**Student:** 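Structure incoming, see below.
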Amino acid sequence: VGLLLLTVREPQRRGVREVAGQRPPLHENFRFLWAQRRVVVPLYAGFCLHYVAFVGISVWTAVFLTRTYQATLTDFSASLGLMLLLAGGGGYIAGGFFADAAPMRSPGGLRMLLAILPLVALPSALAGFAPSISVALMLLATISFATPVMNVAMNATVQDLMPNRMRGFSYALLSVVTALPAGAGGPQAIAFITEHVLGDPALVGRSFLIIGAPALLAASLCFLMSRR
């Protein structure tokens with residue numbers, strides 16, 4: 001697939017005149033973001049908070065299943081893999097349909113979708129209370145489905161909000177803002193709560209609720225604020 005992508009032409013950018021060897025100064029990009037801070041800050045914060053929950057829960061999923069249900073990896077690896085395939089793949093397919101739907105073309109439509117998606121993922125925070133592995137996987141599937149939809153909707157939102165010359169910069173900034181707190185913060189927060197607050201490694205599923213639920217609810221609120 002990667003080799004096939006080499007045959008795809010770069011799409012022509014419209015609405016901007018390209019000047020060879022010339023790109024806007026970095027301070028102009030930040031000046032534009034500052035001018036749009038009432039939209040950009042809560043938008044990026046919502047994406048980051050959702051990923052705090054997503055990365056944290058995802059990293060600890062296998063450990064949660066083994067500790068909570070006294071299972072081995074071979075007991076649930078096939079079911080977990082199938083869930084991730086169906087939920088994740090279905091999320092990206094659904095994300096394309098949702099992003100192109102007529103209601104999403106209205107002002108703030110995509111951001112309303114972004115506000116709904118953390119609530120769709122909220123049941124994953126309750127996986128620690130599931131009576132069986134099968135029920136836990138069904139609850140965890142909600143965040144595995146909602147996150148790919150969010151990726152598609154967020155990309156479309158950034159593309160709509162940012163001028164052509166700033167789209168690459170905006171995506172890169174979004175990656176940095178998300179990767180640092182979510183990639184390290186989510187798993188570490190769940191580990192800290194499990195070890196130092198709950199004091200029992202077997203209660204890692206309860207940490208999903210303590211960390212995941214507030215992060216997802218805050219993410220939804222941030223996306224709503226970005227619609228102002």
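Residue numbers run from 1 in the order of the sequence given. Computed from heavy atoms alone, side chains included, the values below leave out hydrogens, waters and symmetry copies. Quick caveat, the model's predicted, so the values are computed rather than measured.
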**Student:** Would you say Ile57 ends up clustered with Leu137 if hydrophobic residues are merged whenever their side chains have heavy atoms under 4.5 Å apart, either directly or through other cluster members?
**Tutor:** yes
**Student:** Supply the atom-to-atom distance Thr157 OG1 to Met150 CE, rounded to the nearest 0.5 angstrom.
**Tutor:** 10.0 Å
**Student:** Between Ser226 and Phe223, is there a donor-acceptor pair closer than 3.5 Å when you use the side chain of the first and the backbone of the second?
**Tutor:** yes
**Student:** Is it possible for you to say whether Val39 and Leu110 belong to one hydrophobic cluster, with membership spreading through side-chain heavy-atom contacts below 4.5 Å?
**Tutor:** yes
**Student:** Work out which heavy atom in Ala130 is nearest to a heavy atom in Tyr69; give both atom names and the distance.
**Tutor:** O-OH, 2.8 Å
**Student:** Please report the closest heavy-atom contact between Ile190 and Trp60, naming both atoms and the distance.
**Tutor:** CG2-CD1, 3.7 Å
**Student:** How long is the gap from CG on Leu140 to OG on Ser58, to the nearest 0.5 Å?
**Tutor:** 8.0 Å
**Student:** Hey, would you say the Phe54 and Tyr51 ring centroids sit under 6.0 Å apart?
**Tutor:** yes
**Student:** For the pair Thr142 (side chain) and Ser124 (backbone), establish whether a donor and an acceptor sit closer than 3.5 Å, ignoring hydrogens and angles.
**Tutor:** yes
**Student:** Do Leu114 and Leu174 share a hydrophobic cluster (ILVMFWY, side-chain heavy atoms under 4.5 Å, transitive)?
**Tutor:** yes
**Student:** Working to the nearest 0.5 angstrom, can you tell me the gap between Asp200 CG and Arg67 CZ?
**Tutor:** 9.0 Å
**Student:** Looking at every heavy atom in both Ile133 and Ala71, which two are closest together, and how far apart are they?
**Tutor:** CD1-CB, 3.7 Å
**Student:** If hydrophobic clusters are built by linking Ile, Leu, Val, Met, Phe, Trp and Tyr wherever their side-chain heavy atoms come under 4.5 Å apart, do Leu126 and Leu122 end up in the same one?
**Tutor:** no
**Student:** side-chain hydrogen bond (donor to acceptor under 3.5 Å, both in side chains) with Thr74: which residues, sequence neighbours excluded?
**Tutor:** Thr72
**Student:** Go through it in stages, so that I can follow the logic: the residues are Val135 and Ser132, the test is side-chain contact (heavy atoms from CB on, under 4.5 Å), and I'd like the CA-CA distance, side-chain angles, deciding distance and then a yes or no.
**Tutor:** CA-CA 5 Å; Val135 176; Ser132 66; 3.3 Å; yes
**Student:** Distance to the ring centre below 6.0 angstrom and angle to the axis at most 45 degrees; does that hold for Arg37 and Trp34?
**Tutor:** yes
**Student:** Do the side chains of Leu80 and Ser77 get nearer than 4.5 Å, heavy atoms only?
**Tutor:** no
**Student:** Who are the side chain to side chain contact (heavy atoms under 4.5 Å, CB included) partners of Met225, not counting sequence neighbours?
**Tutor:** Pro42, Leu221, Arg228
**Student:** Atom CZ in Arg206, atom OG1 in Thr68: separation rounded to 0.5 Å?
**Tutor:** 8.5 Å
**Student:** Any idea which heavy atoms bring Glu195 and Pro201 closest together, and the distance?
**Tutor:** OE2-CG, 3.9 Å
**Student:** Given side chains that start at C-beta, do those of Phe32 and Met162 come closer than 4.5 Å, heavy atoms only?
**Tutor:** yes
**Student:** Side chain of Thr147, backbone of Ser144: donor and acceptor closer than 3.5 Å?
**Tutor:** no
**Student:** The criterion is ring pair (Phe, Tyr, Trp, His ring centres under 6.0 Å); which residues satisfy it with Phe208, sequence neighbours excluded?
**Tutor:** Phe64
**Student:** Would Leu84 end up clustered with Leu65 when hydrophobic side chains under 4.5 Å apart are linked, directly or stepwise?
**Tutor:** yes
**Student:** Using a 3.5 Å distance criterion without hydrogens, assess whether the side chain of Ser220 forms a donor-acceptor pair with backbone atoms of Leu217.
**Tutor:** no
**Student:** Do Leu43 and Cys222 come close enough that some side-chain heavy atom pair is under 4.5 Å?
**Tutor:** no
**Student:** Do you know which two heavy atoms are closest between Ala182 and Val52, and how far apart they sit?
**Tutor:** CB-N, 3.7 Å
**Student:** Within the structure provided, determine whether Arg111 and Leu161 are in side-chain contact (heavy-atom separation under 4.5 Å).
**Tutor:** yes
**Student:** Check whether any side-chain heavy atom of Phe145 sits under 4.5 Å from a side-chain heavy atom of Met83, and report yes or no.
**Tutor:** no
**Student:** State whether the side chain of Thr178 and the backbone N or O of Ser175 hold a donor-acceptor pair below 3.5 Å, judged by distance alone.
**Tutor:** no
**Student:** Once side-chain hydrogen bond (donor to acceptor under 3.5 Å, both in side chains) is applied, do any residues pair with Thr194, and if so which ones, sequence neighbours excluded?
**Tutor:** Ser207
**Student:** CZ of Arg31 to CD of Gln36: how many Å apart, nearest 0.5 Å?
**Tutor:** 13.5 Å
**Student:** In Å and rounded to the nearest 0.5 Å, what is the CD to CG distance from Glu28 to Leu33?
**Tutor:** 12.0 Å
**Student:** How does the hydrophobic cluster around Ile116 look, that is, which other residues are in it when side-chain heavy atoms under 4.5 Å mark a link?
**Tutor:** Met112, Val120, Leu224
**Student:** Compare every heavy atom of His50 with every heavy atom of Ala121, then report the nearest pair and how far apart it is.
**Tutor:** CB-CE1, 4.0 Å
**Student:** Between side-chain atoms of residues 85-98 and protein atoms elsewhere (two or more places apart, or another chain), which donor-acceptor pairs fall under 3.5 Å?
**Tutor:**
residue, atom, partner, partner atom, Å
Tyr92, OH, Asn151, ND2, 3.0

